[in-house]
Amino acid sequence: MRRSALRRLGLALALVAFAGFAHADEPQPRSEAAAPAGQKGGRGGGAQGAPQTSSSAAEPHRLPPDSTTKQTLDLPGRTLNFTATAGSIRVFDGKGEPLADIAYTSYQLDGAERTTRPVTFLFNGGPGASSAWLQFGAAGPWRLPLDGEALSPSASPEVKPNAETWLDFTDLVFVDPVSTGYSRFVASGEDARKSFYSVDGDANSIALVIRRWLEKHERLTSPKYVAGESYGGIRGPKVVRQLQLQHGVGVRGLILVSPLLDFREFTGTSLLQYVATLPSYVAVAREAKRPVKRTDLADVEAYARGEFLTDLVKGEADKEATTRLADKVAELTGIDQAVSRRLAGRFDVGEFRREFDRKNGKVTGRYDASVRGFDPYPDSSSSRFGDPSGDALQAPLTSAAVDVLSRKLNWRPDGSYEVLNGAVEGHWDFGRGINPPQSVSELRQILATDAKLNVLVTHGLFDLATPYFGTRRVLDQLPAFVTQRVKFVVYPGGHMFYSRDGSRQAFRSEVEALIRE
């Protein structure tokens, strides 16, 4: 849930007609006199800006033709020869007018039988995040070291061969939703933006691009997998459902990385938000003393779903229950007892991040709370700090993505590469009504529809953006018939747990087992 707007979590899903996306096609060469589609800026900026007035205005916004190159990757014990393609697929509306160019990067192993070779489509979340995190952090052929406190905005953006690439056992297609990466609108006006910047419209457009890529590369018979990170937990099940129903494409497996499946437990006064975050808070406290695995938190998980929840429900009017709860939280987290009592043991994420190491003037990360950085305003009565585990990644990750696309893959679009575009979230339509966005309904439906579909759900222990225990609670409510087909794994690390070598290696093994099953 990168940069998720918590103020919007109580809003509901908007229903977007699928007819808005009639078909897709690859773009043709653009005019050399083209101007950039938009530059990164504050809210209201990004690729959706500067509207034009007619479909002919789409031509200057075209991305360059696809670039296909032959690549060789030398790794310990093996050499991979593969074909890389950096390009885009154009999406049209029901009248045949162009709406957007969706950029992708694909890697296909040479010499493999394409009709039986698996292919996995990967995207990140946000909304407003490109696929760079999964591509250069976990699954792609090249990796940028994303190692917690050792990383800074000025760190080298040089990528290295990724020994844990998934390319050994599946071809890879990284998809950048519109206004992320180099993907951009080519149509003008609010209607085009609304057709993509919504829960269902977003999922519909990505499903369409996946279908079009399969047709374009003659891979409709290949075993297909979908992987989504963060807000990809909302997007992923919906994309698979659209593929099943609207495109005649079956998916063998769904991989969810640090997903958000249901906004409701993070909404307003929901008591479940405190249940979801407590085990991660304690994991951070224990990690400060020794390495921690999920098995080391069995006592905390039992407390969170038992006595802790019971005392929460009793409310602050019950002084005895509130004091008991606050003191137990202080004991588990190491936060000063007086602070815990003042907050009645109810720490929201921002309060925990500031109070955990306040004596040293430091705050924890949101993506990875085991990472700490200086509070720029340690004496302020208000919280005015960023995320030491996430902010430092944007500069080197952006530079790495641009360098790989231009230098290795020979694809050089104009305009800015948007690794994380805040303007998308600012304009996102989460819906209106009493039901916040969730994908649990689609998850149930896709598992019921296809008895051969398997799901792998993965999390990091120290992730406060999408706490693992919140997802565990959601999965516990699934019907019994899916129990054997949904696997839940938690690794040491944060939202991008794959930045840790051991976690990345273990994650790759789980994905390989799923795909080779």
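The figures here come from the full heavy-atom set of this structure, side chains too, leaving out hydrogens, waters and symmetry mates.
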**Report entry** Test item: E287 side-chain N/O and V292 main-chain N/O as donor-acceptor pair under 3.5 Å
**Finding:** yes

Query raised in the report: For S179 and Y197, does a side-chain donor sit closer than 3.5 Å to a side-chain acceptor?
Result: yes

Query raised in the report: Should the pair R472 and F488 be classed as cation-pi, given the thresholds of under 6.0 Å to the six-membered ring centre and 45° from the axis?
Result: yes

Query raised in the report: Is any side-chain heavy atom of R143 less than 4.5 Å from a side-chain heavy atom of F136?
Result: no

**Report entry** Ionic contact status for R286 with D299, cut-off 4.0 Å
**Finding:** yes

Query raised in the report: What are the two closest heavy atoms between V178 and A100, and how far apart are they?
Result: CG2-CB, 3.9 Å

Requested in this report: Determine, stepwise, if the pair K194 / D429 fulfils side-chain contact (heavy atoms from CB on, under 4.5 Å).
Outcome: CA-CA 8 Å; K194 288 178 180 178; D429 184 358; over 6 Å; no

Query - Side-chain (T85) to main-chain (S106) donor-acceptor, under 3.5 angstrom - result: no

Query raised in the report: Pick one: which of V489, V490, V486 meets side chain to side chain contact (heavy atoms under 4.5 Å, CB included) with V457?
Result: V486

Query raised in the report: Hey, is the main chain of Q505 close enough, under 3.5 Å, to the side chain of S509 for a donor-acceptor pair?
Result: yes

Query - Spatial distance of atom CG (L309) from atom CG (L312) [nearest 0.5 Å] - result: 6.0 Å

Query - Set of salt bridge (charged side-chain N to carboxylate O under 4.0 Å, His left out) partners for K408, sequence neighbours left out - result: none

Query raised in the report: Just how far is it from atom NZ of K487 to atom CD of E510, taken to the nearest 0.5 Å?
Result: 3.5 Å

Report task. Can you spot which of Y468, Y274, F352 makes a ring-ring contact (aromatic ring centres under 6.0 Å, His included) with Y281? Result -> F352

**Report entry** Donor-acceptor under 3.5 Å (N162 side chain, G140 main chain)
**Finding:** yes

Query raised in the report: Are side-chain heavy atoms of T458 and L256 found at a separation under 4.5 Å?
Result: no

Query raised in the report: Is R324 salt-bridged to D311, going by a charged N under 4.0 Å from an acidic O?
Result: yes

Query raised in the report: Hey, does the Lys NZ or Arg CZ of R235 hover above the aromatic six-ring of F123, less than 6.0 Å from the centre and inside 45° of the axis?
Result: yes

**Report entry** Note: R346-D348 ion pair, threshold 4.0 Å (strictly below)
**Finding:** no

Query raised in the report: Would you say D296's side chain and K293's backbone share a donor-acceptor pair under 3.5 angstrom?
Result: yes

Query raised in the report: So, T170 versus T120: side-chain donor-acceptor pair below 3.5 Å or not?
Result: yes

Query raised in the report: Side-chain contact, heavy-atom cut-off 4.5 Å: T165 with L172?
Result: yes

Report summary line: Smallest heavy-atom separation, L73 atom then P161 atom, equals CD1-CB, 3.9 Å

Query raised in the report: With the threshold set at 4.0 Å, does a side-chain nitrogen-carboxylate oxygen contact exist between D501 and R504?
Result: yes

Query - Flag if over 12 foreign heavy atoms under 6.0 Å of CD, E158 - result: no

Query raised in the report: Do P388 and R353 come within less than 4.5 Å of each other through their side chains, counting heavy atoms only?
Result: yes

Requested in this report: Evaluate the side-chain proximity of I102 to D176: yes if any heavy-atom separation is below 4.5 Å, no if none is.
Outcome: no

Requested in this report: Go through the steps to decide whether Y491 and R294 satisfy the test side-chain contact (heavy atoms from CB on, under 4.5 Å), and finish with yes or no.
Outcome: CA-CA 7 Å; Y491 304 100; R294 187 191 173 199; over 6 Å; no

Query raised in the report: Given the rule in the side-chain hydrogen bond (donor to acceptor under 3.5 Å, both in side chains) test, do E425 and Y231 qualify, once you have shown the distances and angles that lead to the verdict?
Result: CA-CA 11 Å; E425 177 207 327; Y231 180 83; over 6 Å; no

Query raised in the report: Of all heavy-atom pairs between S503 and P492, which one has the smallest distance, and what is that distance?
Result: OG-O, 2.6 Å

**Report entry** Rounded distance (nearest 0.5 Å) linking atom CG of D262 with atom CD1 of I234
**Finding:** 7.0 Å

Query raised in the report: Does some side-chain heavy atom of F121 sit less than 4.5 Å from a side-chain heavy atom of Y104?
Result: no

Query - Least distance between heavy atoms, W411 atom then P64 atom - result: NE1-O, 3.4 Å

Query raised in the report: Can you tell me how far the OH atom of Y182 sits from the OG1 atom of T105, to the nearest 0.5 Å?
Result: 10.5 Å

Query raised in the report: Would you call R184 and D414 a salt bridge, taking side-chain N to carboxylate O under 4.0 Å as the test?
Result: yes

Query - Any donor-acceptor pair under 3.5 Å from S439 side chain to K238 backbone - result: no

Query raised in the report: Is a side-chain N or O of N204 found less than 3.5 angstrom from the main chain of D200, in a donor-acceptor match?
Result: yes

Query raised in the report: Can we call the ring centroids of W166 and Y107 under 6.0 Å apart?
Result: no

**Report entry** Option among V349, L464, D387 that satisfies the side chain to side chain contact (heavy atoms under 4.5 Å, CB included) test with T364
**Finding:** L464

Query raised in the report: Is it the case that N124 and S131 place a side-chain donor and acceptor less than 3.5 Å from each other?
Result: no

Query - Any donor-acceptor pair under 3.5 Å from R372 side chain to K362 backbone - result: no

Report task. May I ask you to decide if the ring planes of Y303 and F308 are parallel, tilted or perpendicular, using 30° and 60° as cut-offs? Result -> tilted

**Report entry** Check ion pair D327-R341 (N to O, under 4.0 angstrom)
**Finding:** yes

Report task. Would you check if F263 and Q438 make a side-chain contact, meaning some heavy-atom pair closer than 4.5 Å? Result -> no

Report task. State which residues pass ring-ring contact (aromatic ring centres under 6.0 Å, His included) with F174; sequence neighbours excluded, sorted by chain then number. Result -> none

Report task. Report the residues that fulfil ring-ring contact (aromatic ring centres under 6.0 Å, His included) with Y225, sequence neighbours left out, ordered by chain and then residue number. Result -> none

Query raised in the report: Under 3.5 Å, side chain of E301 to main-chain N/O of A304, donor-acceptor pair present?
Result: no

Report task. Assert yes or no for the condition that the ring centre distance of F185 to F196 is strictly below 6.0 Å. Result -> yes

**Report entry** Residues E351, V339; criterion side-chain contact (heavy atoms from CB on, under 4.5 Å); working and verdict
**Finding:** CA-CA 10 Å; E351 288 165 339; V339 174; over 6 Å; no

**Report entry** side chain to side chain contact (heavy atoms under 4.5 Å, CB included) partner of H459, chosen from S280, P467, P259
**Finding:** P259

Query raised in the report: Taking the side chain as C-beta and beyond, is there a heavy-atom pair between D403 and P157 under 4.5 Å?
Result: no

Query - Donor-acceptor contact below 3.5 Å, side chain S340 vs main chain A326 - result: yes

Report summary line: Value for OG (S130) from OH (Y417), rounded to nearest 0.5 Å, stands at 3.5 Å

Query raised in the report: Is the closest side-chain donor-acceptor distance between S370 and R500 under 3.5 Å?
Result: yes

Query raised in the report: Y367 and H495: aromatic ring centres closer than 6.0 Å?
Result: yes

Query raised in the report: Strictly by modelled atom types, are R358 and N360 linked by a side-chain donor-acceptor pair under 3.5 Å?
Result: no

**Report entry** Gap between atom CD1 of I89 and atom CG of D101 - 0.5 Å precision
**Finding:** 10.0 Å

